[in-house]
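Lettering of chains follows the sequences in order, A, B, ..., and the numbering in each one begins at 1.
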2 protein chains.
Amino acid sequence: MSGLDRVDAKIVQRMQKDGKLSNTKLASELALSETACWRRLKRLEEEGVITDYQANLDRRKLGFGVMAFVQLTCNQHDAETTERFERTIEQCENVMACHNTTGEADFLLQVVAIDLDDYSRFVDQVLRKLPGVSAISSNISLRELKSSTRLPV
Amino acid sequence: MSGLDRVDAKIVQRMQKDGKLSNTKLASELALSETACWRRLKRLEEEGVITDYQANLDRRKLGFGVMAFVQLTCNQHDAETTERFERTIEQCENVMACHNTTGEADFLLQVVAIDLDDYSRFVDQVLRKLPGVSAISSNISLRELKSSTRLPV
DNA sequence: CACTCATTGAAAGAACTCCCTCATAAAAAT
DNA sequence: ATTTTTATGAGGGAGTTCTTTCAATGAGTG
C-alpha cells in the first residue's frame, strides 16, 4: 500500500463498512484524537484513496430482477469502431461495468435488467448493434453467493 | 419499482451518488420539506431499499493492481461439496463477488490481487484446491472502461 | 544538543443535523 | 359528506459534527 500506514488502513477499512460514520466516532474507535483522525480522513479523500461515498441499494427491491455477465468478442479493432463502442457502453445505463479482458472474449460487461424480456431486448437492440461485435455470450446470475464492493484492505 | 414513487426514486438516485448528503440538503434539492424527506429516507432504509452506506476506494491506490473474473466449472454438486465451496468463497477476502451463473461454467468470481504473482498464487492455492472444481478460466481486466456500482434508478 | 519536520492532542465556537411535535392539507374509503 | 388514512410543512430544541487554533510530543538530521 503506497504510503498508507496501519492507521490509514483502518480508516479506509472502517469507512468502507460504514460510509456515514462521523469523524468523531471514527476517531474514538481508533483511539485517536479527533483532529488527527480528521486530517487523515481529509488527506485520504484528497489523495483519491477514498474516491466517494455512496448509498448501496437492493437491486431486487428496485425491480431489477436480472443481473448478467456478458462476454463480447470483437473483430474490428480500429480507432473509430473502438471509440463508438466505448461511447455506447458509457451511455448505456444498464451496463454497470465493462472491462477489457484477457481470454477468449475481448470485453466483459456486467448488466442489470428488469426481467428476462428486458434483458433480451437489451441484447438484441443494444449489444448486437454495437460496431465490430462478432460474438456475444451471456451468463445470467442465478444466485449471488457473495456480492460486495469492498476491497480487502 | 415496487411501491416507489417519483420522489423516492430521486432520493435513492441522489443518495447513490453522494452517500454523505445530509437530509437537510437532500430535502432542499428536491424542494421538499425536511420532515417529509426525512421520513421517506428512513422508510427507504427500513424497507431495505437502501441497504447501507459505504466509502468507495481506489483499488490501485491501495495496491491492488489486478482485478480478474474467473469462471469455475464444477463436477460435483452434492450438498457437502457445495457447502464447503461456499464457505471458502465467503471467507476469502480476495473474492469480491461470486455468482452462480447460467452458461458453460457454474460460477463467476470477481477477484482482486496485488499483482500477477499474487493472483497466480491465489488460483493455485485457493481455487485449484476448492472441492469439486474441474475447470478454471481466468479473464484478467486490462482496462476498466466503466466501473460503477450504481443502479440505473 | 539544537533544529526541523511531521504528527498529535485538547479545547471551543460556529455550524449543522437530527428528530420530535403540532398543525395542515390532500386523498381514500365507508 | 364524514371519517380515516396518509403525506406534507413549519418550527425548534437537543445534540452532534466540523474545523480551526494553539500547544506539545516525538523522530530524524546535521
Q. Is the number of heavy atoms from other residues, nucleotides or ligands within 6.0 Å of CD (A:Glu144) greater than 12?
A. yes
Q. In terms of ring plane angle, is the pair B:Phe69 and A:His99 parallel, tilted or perpendicular, where the classes change at 30° and 60°?
A. perpendicular
Q: Verify the distance criterion only: is there a donor paired with an acceptor across the side chains of A:Asp78 and A:Thr81 at less than 3.5 Å?
A: yes
Q: Could you tell me the separation between the CG atom of A:Leu30 and the C1' atom of C:dT8, rounded to a whole number of Å?
A: 14 Å
Q. How many angstroms lie between NZ in A:Lys42 and CG in A:Asn23, if you round to the nearest 0.5 Å?
A. 8.0 Å
Under 3.5 Å, which N/O atoms of the protein pair with N/O atoms of nucleotides 17-21 of chain D?
{"unit_1": "D:dT17", "atom_1": "OP1", "unit_2": "A:Ser22", "atom_2": "OG", "d": "2.9"}
{"unit_1": "D:dC18", "atom_1": "OP2", "unit_2": "A:Asn23", "atom_2": "N", "d": "3.1"}
{"unit_1": "D:dT19", "atom_1": "OP2", "unit_2": "A:Trp38", "atom_2": "NE1", "d": "3.3"}

(Q) Nearest whole Å is fine: how far is D:dA7 P from B:Leu41 CG? (A) 15 Å
Q. To the nearest 10 degrees, how far apart in direction are the end axes of the helix from C:dC1-D:dG30 to C:dT30-D:dA1, each fit to five base pairs?
A. 30°
Q. Between C:dT7 atom P and A:Ile11 atom CD1, what is the distance in whole Å?
A. 12 Å
Q | Gap separating the CZ atom of B:Phe107 from the OG atom of A:Ser141, nearest 0.5 angstrom | A | 10.5 Å
**Q.** Separation of C:dA6 P from A:Leu32 CG (nearest whole Å)
**A.** 19 Å
Q) Side chains of A:Gln54 and B:Thr149: do they bring a donor and an acceptor to under 3.5 Å? A) yes
Q. Contact class for A:Arg40 vs. all strands (heavy atom < 4.0 Å): base, sugar-phosphate, or nothing?
A. sugar-phosphate
Q: Identify whether the distance between the nearest side-chain nitrogen and carboxylate oxygen of A:Lys10 and A:Asp5 falls below 4.0 Å.
A: no
Q) Which one of A:Asn139, A:Val111, A:Ile140 satisfies the side chain to side chain contact (heavy atoms under 4.5 Å, CB included) criterion with A:Val70? A) A:Val111
